[in-house]
> 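One structure coming up, written as structure tokens, with questions to follow.
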Amino acid sequence: GGRDYREMSYRESLLVGLAQAAAILPGLSRSCCTITTGMRLELSPRASATFSFLMAIPVIAGACTLELVQMARTGGVTMPIGHLVVGVAVSFVVGLGSLGLLVRWLERGRFSVFAWWCIPMGMAVLIWQAVIAGG
């Protein structure tokens, strides 16, 4: 059950946006924060995932824009364009497959699998950052 994301109030959308902003903290997954918040607001699992990934579009577009500006400043692409195209294509296919798997987990009520995966990964990133910052 649950509602569709198009039925959300502005307040609810703001809460999911704040959850996305909180994910800037090390060890927090943007997807996990936004999907969990959506589900706590009684959105359906599919609607929570859809809204979460719609919210990612401006973030990804902004990151791409910053990367393109940086590439323009440093003289452009430093790898063969074919490698870049293959990398983008593979990332797209793997991303779609991952989204499909995540939505299936959500619909089966197994979102905790994703959360338990994020905990050790977040801890590993924190340790890695501490070692790099300390070294």
> Nearest heavy-atom pair of T34 and S52: which atoms, and what distance?
OG1-OG, 2.5 Å
> What is the minimum heavy-atom distance between A23 and R30, and which atoms define it?
CB-CA, 3.4 Å
> Transitively linked via ILVMFWY side-chain contacts under 4.5 Å: M8 with I57?
yes
> List in chain and number order the residues that pass salt bridge (Lys or Arg N to Asp or Glu O under 4.0 Å) with R3, two or more places apart in sequence or in another chain; answer none if no residue qualifies.
E12
> As an exercise, state the distance from OG of S9 to CG of L41, rounded to the nearest 0.5 Å.
8.0 Å
> Check L54 against P58 and note the closest heavy-atom contact, atom names and distance.
O-CD, 3.5 Å
> If two hydrophobic side chains count as joined below 4.5 Å and joins carry through other members, does F53 share a cluster with V16?
no
> With a cutoff of under 4.5 Å between side-chain heavy atoms, which Ile, Leu, Val, Met, Phe, Trp and Tyr residues group with V90?
V86, V94
> Could you grab the distance from atom NE2 of H83 to atom CD1 of I81, nearest 0.5 Å is fine?
11.0 Å
> As an exercise, state the distance from CD1 of I24 to SG of C33, rounded to the nearest 0.5 Å.
11.5 Å
> May I ask whether Y5 and M55 are part of the same hydrophobic cluster, defined by side-chain heavy atoms of I, L, V, M, F, W, Y residues being less than 4.5 angstrom apart, directly or through others?
yes
> With a 4.5 Å limit on heavy-atom distance, are the side chains of Q70 and L66 in contact?
no
> So V59 and Q20, side-chain contact (heavy atoms from CB on, under 4.5 Å) or not? Walk me through it.
CA-CA 10 Å; V59 173; Q20 177 168 278; 3.7 Å; yes
> I'd like to know if M39 and F51 are part of one continuous hydrophobic network [Ile/Leu/Val/Met/Phe/Trp/Tyr, side-chain heavy atoms within less than 4.5 Å].
no
> With rounding to the nearest 0.5 angstrom, report the OG1 to CD1 distance, T50 to I35.
9.0 Å
> Is there side-chain contact between D4 and L43, with at least one heavy-atom pair below 4.5 Å?
no
> To which residues is F92 joined in a hydrophobic cluster, defined by side-chain heavy-atom contacts under 4.5 Å among Ile, Leu, Val, Met, Phe, Trp and Tyr, whether direct or through other members?
L96
> Give me each pair satisfying side-chain hydrogen bond (donor to acceptor under 3.5 Å, both in side chains) with a member in residues 90-100, each pair once, sequence neighbours excluded.
none
> R46: which residues meet the side chain to side chain donor-acceptor pair (under 3.5 Å) condition with it, sequence neighbours left out?
E107
> Using a cut-off of 6.0 Å, state whether more than 12 heavy atoms not belonging to M71 lie near its atom CE.
yes
> List for me each residue that meets side chain to side chain donor-acceptor pair (under 3.5 Å) alongside S48, sequence neighbours excluded, and say none if there are none.
none
> Please determine whether side-chain contact (heavy atoms from CB on, under 4.5 Å) holds for the pair R104 and L101, giving the CA-CA distance in whole Å, both sets of side-chain angles, and the decisive distance to 0.1 Å.
CA-CA 5 Å; R104 279 198 301 274; L101 180 62; 4.0 Å; yes
